[in-house]
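Beneath this line is the structure, given in structure tokens, with notes to follow.
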2 protein chains.
Amino acid sequence: MAGTTPRLRADARRNRDLIVTAAQRLFLEQGIDVPLDEVARQAGVGIGTLYRRFPDRDALLRAVAEDTLRRLADLVEAARREEPDAWHALCRFLRSCAELRLGELAARLDPHLHRQMRTGQDLDEIRQRVIATVLELAARAQADGALRADAGPLDIAMLMTLHVYAPANVSGDQAMRRMVDIMLDGLRAGGGAVLPGAPSTDVDLRRYTAVEP
Amino acid sequence: MAGTTPRLRADARRNRDLIVTAAQRLFLEQGIDVPLDEVARQAGVGIGTLYRRFPDRDALLRAVAEDTLRRLADLVEAARREEPDAWHALCRFLRSCAELRLGELAARLDPHLHRQMRTGQDLDEIRQRVIATVLELAARAQADGALRADAGPLDIAMLMTLHVYAPANVSGDQAMRRMVDIMLDGLRAGGGAVLPGAPSTDVDLRRYTAVEP
DNA sequence: CATAACCGGATGAAATTACTCCGCTTTGTT
DNA sequence: AACAAAGCGGAGTAATTTCATCCGGTTATG
């Protein structure tokens, strides 16, 4: 991502963004193997334009992943910055994350990125930032007594990549929101465990987050 | 499904089951558009065998759906029968449902079944049974004061179709189990809502279950 | 042991998807 | 304003994937 992009003409830049956005949506709706023609069509650009900017599917995949991680980082950092209370910050982040389905997208994208190691460094840096911030919030919320003591980072990670098939006439957004709210209720301090089940906190931590390693 | 199957030779029957089982697994792992060749391969039978038993993809889809719904019905009815306490029955059902990912499978399958209405009747009958039993359990649990008053059938429906991308080295089963446990904690009476968000109980009920209509 | 049912995979048809190429349009610069 | 460079679109072709059939050999069952 260094000198490869000396500059991009205004229209080119705009189209590039349209493509990434369309890809993001389609990856979620139809899986990451959607035909690239479809992506171009949805983005409202010609297929040639897409292929010029992204020589192959992997390039597009990486671009989408980078954008996703970046938005994720923005979300969690904004929440941390603007929300004094750690628990509220966590709630806010997880909620927006679910609504935008960013965590899910990242989780789906991730396995496909490890086949191509190049440019993986950039992505990894952002990912680490996300992980660190989320963990910090969780730790603080726990220290404040707001987050259950037996909740682990793994729980947060899973909350981030949650997905439900929304019943008809309920938007995916609403469904996700509701799910997350319920889970946050479950994670709040004060409730005992309904069923035995290991707290799953005894597993190596740093490795679990939106984007699994 | 009436007189179409006068009888099936022992090996034929066995192979049929192998195919359905393999399809079930692959539909979950790779989506319902896996190549049929792959299904045959995983089932350990020739492609010819598959096509003889299931003339086209839709036939296989329907067979898998039927099996899935049947297992779902067995689960919920067994839970209701063997567990005196409604809340515990509900927990048990939702837990096993999540572990086997039956709800998710049903949800994924459902939209594709409505293109072909034939034989839809049989399926619908089972589905109705599942829905009715789950709703009954939920109502009873609520009456017992175990399930939060502001929890709706929609919440149960969503719990059934939940899915998380399990982080590496954590099995999907474990992940699902944990998620469901947390959500059940959240749904238990006693906790207040973390965030506003409509209780989503004000939507038509009978229509939301594992298999959305 | 006879035969009807069943098995498997090689095989060709059909559909999907990937990717290139080039004449025309837009942008930004002098 | 006028020119050069960068960008655009999509028709068209190649490659791959997927579907679906057919038939010689095999196995269950009475």
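Worth saying up front: this structure is predicted, and the values here are computed from it rather than measured. Chain letters run A, B, ... following the sequence lines, proteins first, then strands; residues in each count from 1. Because only heavy atoms are used, hydrogens play no part in the values below, and waters and symmetry mates are left out as well, while side chains stay in.
Between the CG atom of B/D37 and the P atom of C/dA13 there is a distance of 17 Å, given to the nearest Å. To the nearest angstrom, C1' of C/dT20 lies 14 Å from CG of A/L50. The CZ atom of B/R41 sits 12 Å away from the P atom of D/dT18 (whole-angstrom rounding). A/R13 has its CZ atom 14 Å from the P atom of C/dG28, to the nearest Å. Distance A/R52 CZ to D/dG10 P: 12 Å, rounded to the nearest Å. Distance, A/F54 CZ to D/dC8 C1': 15 Å, rounded to whole Å. Atom-to-atom, CG of B/L36 to C1' of D/dA20 comes out at 10 Å; the value is rounded to the nearest Å. In this structure, B/L8 atom CG and C/dC6 atom C1' are separated by 10 Å, rounded to whole Å.
Residue contacts shown for B/R53 are limited to sugar-phosphate atoms, with no base heavy atom under 4.0 Å away. Looking at heavy-atom distances under 4.0 Å, A/R57 makes contact with sugar-phosphate atoms alone, never a base.
A donor-acceptor contact under 3.5 Å is not formed by the side chain of B/R9 with the base of D/dT29.
Between A/D181 and A/R95, at least one side-chain nitrogen of the basic residue sits less than 4.0 Å from a carboxylate oxygen of the acidic one, meeting the salt-bridge criterion. Electrostatic pairing of B/D185 and A/R148 counts as a salt bridge here, judged by a charged N lying under 4.0 Å from a carboxylate O.
Nearest to the side chain of A/D11, among D/dG7, C/dC7, D/dA20, sits D/dG7. Comparing C/dC19, D/dG9, C/dC6 by their closest approach to the side chain of B/A12 singles out C/dC6. If you check D/dC8, C/dA18, D/dC19 against the side chain of B/P35, the one that comes closest is D/dC19.
Considering only side-chain N and O atoms, A/N15 lies under 4.0 angstrom from the phosphate OP1 or OP2 of D/dC8.
Interatomic distance, B/Q128 CD to B/T133 OG1, rounded to the nearest 0.5 Å: 10.5 Å.
Along DNA chain D, the nucleotide closest to B/R14 and the one closest to B/I47 are compared, and the more 5′ of them pairs with B/I47.
Of the residues A/E77, A/E82, A/E99, the one that meets the salt bridge (charged side-chain N to carboxylate O under 4.0 Å, His left out) test with A/R92 is A/E82.
For the residue pair B/R71/B/Q24, the side-chain donor-acceptor check at 3.5 Å is satisfied.
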